[in-house]
Amino acid sequence: MSDEANAQQAVFENLNEDQKKTLTFFQDMTSADAETSKDVLSNNNWDLVQATRTWFGDNLDDSAPPPPTSSTSMSSAVSAPLRPLSQPLPSQSTTVRRRVHASPSLRGEPSFASLRRENNQRRQLAEQSYPEMAFKYLVMPVKFAFSSIYNIIHFPFRFIWQLLYAVDPRDNVTDPVGDVQKYVQGFASRYQHSPNFIEDTFDKASQQAKKELKFLMIFLHNPKIPKSIEFEKTVIADPTVIDHLTREFLVWGCSNDTPEGFRVSKMFATRSYPTSAIMCPIRNRMMLVAKLSSEHTPVTFVSRLKEIKFSHQYNVTEAQKERERLQANQSIRSEQDRAYAQALEVDKEKMRVRNEERAETAKVEQLQKDKAEVRRNKKLQHEKRRALCASKLTDDEPAPNADRNSIIQLRIKLTNGEKVGRTFNTSDKIDVLHDFVYAQTCSPRSLRVLKTYPRQPVNGCSTKLIDQALADSQPLLTLTESGLVTMETLFVESTVESDDDDSSSDEETS
């Protein structure tokens with residue numbers, strides 16, 4: 001078989017794609033070998049119509065398929081039984097007794113059969129005599145009336161018959177997987193060897209073949225036909241056939257007496273059993289490329305499978321290249337998406353850090369603004385209170401030479417080191433001393449007055465104590481009650497809280 005395959009491959013070497021498809025289609029119609037088919041087509045200038053007429057002569061069968069109009073129709077061609085190599089080539093006078101079956105997708109108009117029928121009708125009309133033609137036209141209305149009446153009467157009876165008796169229970173597909181598994185298990189129980197059937201629905205098997213880019217062989221069995229049983233036993237269960245199918249094909253099989261098998265049989269327009277069909281991935285679709293008859297031995301069956309695969313292998317190769325191209329594009333797109341996602345994450349991280357920095361900066365700026373506002377308000381309050389204290393001081397300061405028992409001379413050291421002095425009456429309240437110190441330009445916002453020796457605060461002479469006493473309406477102490485004597489040296493100390501250090505330092509500096 002390897003020599004035949006090499007010879008057939010040598011025939012295909014110097015041909016272009018259209019010639020290869022034409023040669024393959026001619027082989028499927030005539031079952032001739034590649035060399036003979038090439039010679040016949042070359043002699044007819046690669047005209048498939050003329051070459052077919054030359055091969056079959058005047059006995060061209062009415063069911064012969066039309067010439068292919070595209071690569072799709074050629075790839076969907078249906079194969080015929082193999083002709084033994086020892087059989088002589090048919091000549092123009094040889095009577096062709098076998099019919100060349102074609103799939104429904106290959107049958108169309110105009111075809112060889114339609115052209116021949118038209119020529120025969122014209123010839124018959126030309127050979128008829130005038131009386132015959134006159135009789136024919138006279139009888140035509142009667143035939144038309146009879147046919148119309150028959151159809152009107154026959155239609156309701158046929159409708160009722162189909163409604164009552166023509167309903168096939170196999171049309172109701174309820175468990176397609178179970179139907180396939182039933183046939184596969186029955187096949188395994190009947191024979192010692194069994195192909196590796198796909199135990200799933202036909203649609204799933206077709207999808208699997210399309211995904212794996214493999215040829216799919218469909219075997220439809222009818223257990224009521226002895227010929228189908230014999231073919232199943234002698235060919236499908238043969239170890240040689242099983243080995244070849246396992247290596248080169250995906251196999252799906254089912255019985256016609258189950259709903260799933262019946263559905264697939266109608267899909268392929270099967271009229272005889274057993275039926276072996278070959279499907280191939282073409283242009284991202286699974287398409288029927290050949291049907292095999294039951295008149296095969298295991299050797300011829302394997303040979304025919306090899307020929308079909310060789311004829312349509314280029315479709316699988318193109319599909320593999322297309323898939324590799326798509327996978328490469330998808331890989332490139334995935335890398336681009338991954339790089340874009342990484343760049344996007346980096347940008348997001350930068351934006352997050354930038355936003356955090358901006359938020360932190362804004363927070364610090366707002367805090368500084370708030371502190372500045374607080375300092376400004378406190379400074380305004382301080383200045384208002386200093387002006388108020390200065391307005392309270394009177395010019396009737398007692399004279400230093402007055403009665404020493406009624407005056408107190410105080411010398412006060414301020415926070416900036418400056419020294420001021422004043423004479424007070426012994427009956428003056430302690431707030432007079434406080435207001436005098438507070439009215440100085442370098443006085444802090446909150447202060448207290450202390451004695452130099454011993455170092456101790458003057459009783460009641462602090463901003464907090466005076467504010468609290470005034471708020472509680474309590475009487476203030478006099479200078480004498482505060483422990484001050486006739487002549488005293490005092491100093492001022494700031495009592496501003498720690499959170500107000502900045503503002504106090506500003507105030508002290510000012």
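For the pair Val180 and Pro176, the minimum side-chain heavy-atom distance is 4.5 Å or more. Side-chain atoms of Lys143 and Met140, non-hydrogen and from C-beta on, never get closer than 4.5 Å to each other. A heavy-atom distance below 4.5 Å is not found between the side chains of Arg190 and Lys233. No side-chain heavy atom of Glu248 sits less than 4.5 Å from a side-chain heavy atom of Phe215. Side-chain contact between Arg354 and Arg358 is present, with at least one heavy-atom pair separated by less than 4.5 Å. Within the 4.5 Å cutoff, the side chain of Trp55 has heavy atoms near those of the Thr36 side chain. In this structure the side chain of Leu305 reaches within 4.5 angstrom of the side chain of Phe249, judged on heavy atoms. You'll find the side chain of Arg323 reaches within 4.5 Å of the side chain of Leu213, heavy atoms only.
Contact check on Glu307 versus Arg304 returns a salt bridge, with a Lys/Arg side-chain nitrogen under 4.0 Å from an Asp/Glu carboxylate oxygen. Look at Arg352 and Glu356 and you find a salt bridge, because one of the NZ, NE, NH1 or NH2 atoms lies within 4.0 Å of a carboxylate O, short of that distance. Using a cutoff of 4.0 Å between basic side-chain nitrogens and carboxylate oxygens, Asp337 and Arg333 are not scored as salt-bridged.
Phe262 contributes atom CZ, which lies 12.0 Å from atom CG of Asn172 (distance to the nearest 0.5 angstrom). Phe219 contributes atom CZ, which lies 5.0 Å from atom CD of Glu232 (distance to the nearest 0.5 angstrom). Taken from CZ in Phe231 to CG in Leu292, the straight-line distance is 7.0 Å, to the nearest 0.5 Å. Rounding to the nearest 0.5 Å places OG1 of Thr297 at 9.0 Å from CG of Asp238. In this structure, CD on Gln27 lies 9.0 Å from CG on Leu41, to the nearest 0.5 angstrom. Put simply, NZ on Lys379 and CZ on Arg445 are 12.0 Å apart, with the number rounded to the nearest 0.5 Å.
Side-chain atoms of Thr317 come within 3.5 Å of backbone N or O of Gln313 as a donor-acceptor pair. No donor-acceptor distance shorter than 3.5 angstrom exists from the side chain of Ser147 to the backbone of Phe144, with no hydrogens or angles considered. Within the 3.5 Å criterion, the main-chain N or O of Val299 finds no donor-acceptor partner in the side chain of Ser303. Asn43 places a side-chain N or O within 3.5 Å of a backbone atom of Asp39 that can act as its donor or acceptor partner.
With sequence neighbours left out, the salt bridge (Lys or Arg N to Asp or Glu O under 4.0 Å) criterion links Lys182 to no other residue. Applying the side-chain contact (heavy atoms from CB on, under 4.5 Å) criterion to Thr246, with sequence neighbours excluded, gives Ile242. Annotation: side-chain contact (heavy atoms from CB on, under 4.5 Å) contacts of Ala209 (sequence neighbours excluded): Leu216, Leu250, Met286. Partners of Thr234 by side-chain contact (heavy atoms from CB on, under 4.5 Å), not counting sequence neighbours, listed by chain and number: Glu230. Under the rule for a side-chain contact (heavy atoms from CB on, under 4.5 Å), the partners of Arg376 that lie at least two apart in sequence or sit in another chain are Glu373, Leu380. In this view, Ser272 satisfies the side chain to side chain donor-acceptor pair (under 3.5 Å) rule with no residue, not counting sequence neighbours. Residues passing the side chain to side chain donor-acceptor pair (under 3.5 Å) test with Ser255 are Asp257, sequence neighbours excluded. For Asn16, the side chain to side chain donor-acceptor pair (under 3.5 Å) test picks out no residue, with sequence neighbours left out. Listed by chain and residue number, Glu335 satisfy the side chain to side chain donor-acceptor pair (under 3.5 Å) test with Arg338 (two or more places apart in sequence, or in another chain).
Contact detail for Phe301 and His296: the closest heavy-atom pair is N-ND1, 3.9 Å. Here the shortest heavy-atom pairing between Cys280 and Asn315 reads SG-CB, 3.9 Å. Closest non-hydrogen pair, Leu288 versus Ala290, comes out as CD1-O, 3.5 Å. Nearest approach of Leu220 to Tyr273, heavy atoms of both residues: O-CD2, 3.7 Å. The minimum heavy-atom distance between Leu23 and Ala34, with the atom names listed, is CD1-O, 3.9 Å. Pairing each heavy atom of Pro259 with each of Asp179, the nearest pair is CD-OD2, 3.3 Å.
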N/O donor-acceptor pairs under 3.5 Å from side chains in residues 193-208, not counting sequence neighbours:
residue	atom	partner	partner atom	Å
Thr201	OG1	Lys204	N	3.3
Gln208	NE2	Glu212	OE2	3.3

Please list every donor-acceptor pair under 3.5 Å in which a side-chain atom of residues 221-229 meets a protein atom from a residue at least two apart or in another chain.
residue	atom	partner	partner atom	Å
His221	ND1	Ser228	OG	2.7
Asn222	OD1	Lys224	N	3.1
Lys227	NZ	Ser294	OG	3.2
Ser228	OG	Asn222	N	3.2

Please set out all donor-acceptor pairs under 3.5 angstrom arising from side-chain atoms of residues 324-331, sequence neighbours excluded.
residue	atom	partner	partner atom	Å
Arg325	NE	Glu322	OE1	3.4
Arg325	NH2	Glu322	OE1	3.4
Arg325	NH2	Glu322	OE2	2.4
Asn329	ND2	Arg325	O	3.3

Given the rule in the side chain to side chain contact (heavy atoms under 4.5 Å, CB included) test, do Lys38 and Leu15 qualify, once you have shown the distances and angles that lead to the verdict?
CA-CA 10 Å; Lys38 180 180 179 182; Leu15 302 179; 4.1 Å; yes
Carefully, step by step, assess Val177 and Asp175 under the rule side chain to side chain contact (heavy atoms under 4.5 Å, CB included).
CA-CA 6 Å; Val177 178; Asp175 186 15; 4.3 Å; yes
Between Ile236 and Tyr191, does the side chain to side chain contact (heavy atoms under 4.5 Å, CB included) criterion hold? Intermediate values first, please.
CA-CA 10 Å; Ile236 304 300; Tyr191 308 109; over 6 Å; no
Working note: Lys291 + Phe268, criterion side chain to side chain contact (heavy atoms under 4.5 Å, CB included); need CA distance, chi angles, decisive distance, verdict.
CA-CA 10 Å; Lys291 279 186 179 180; Phe268 289 108; 4.2 Å; yes
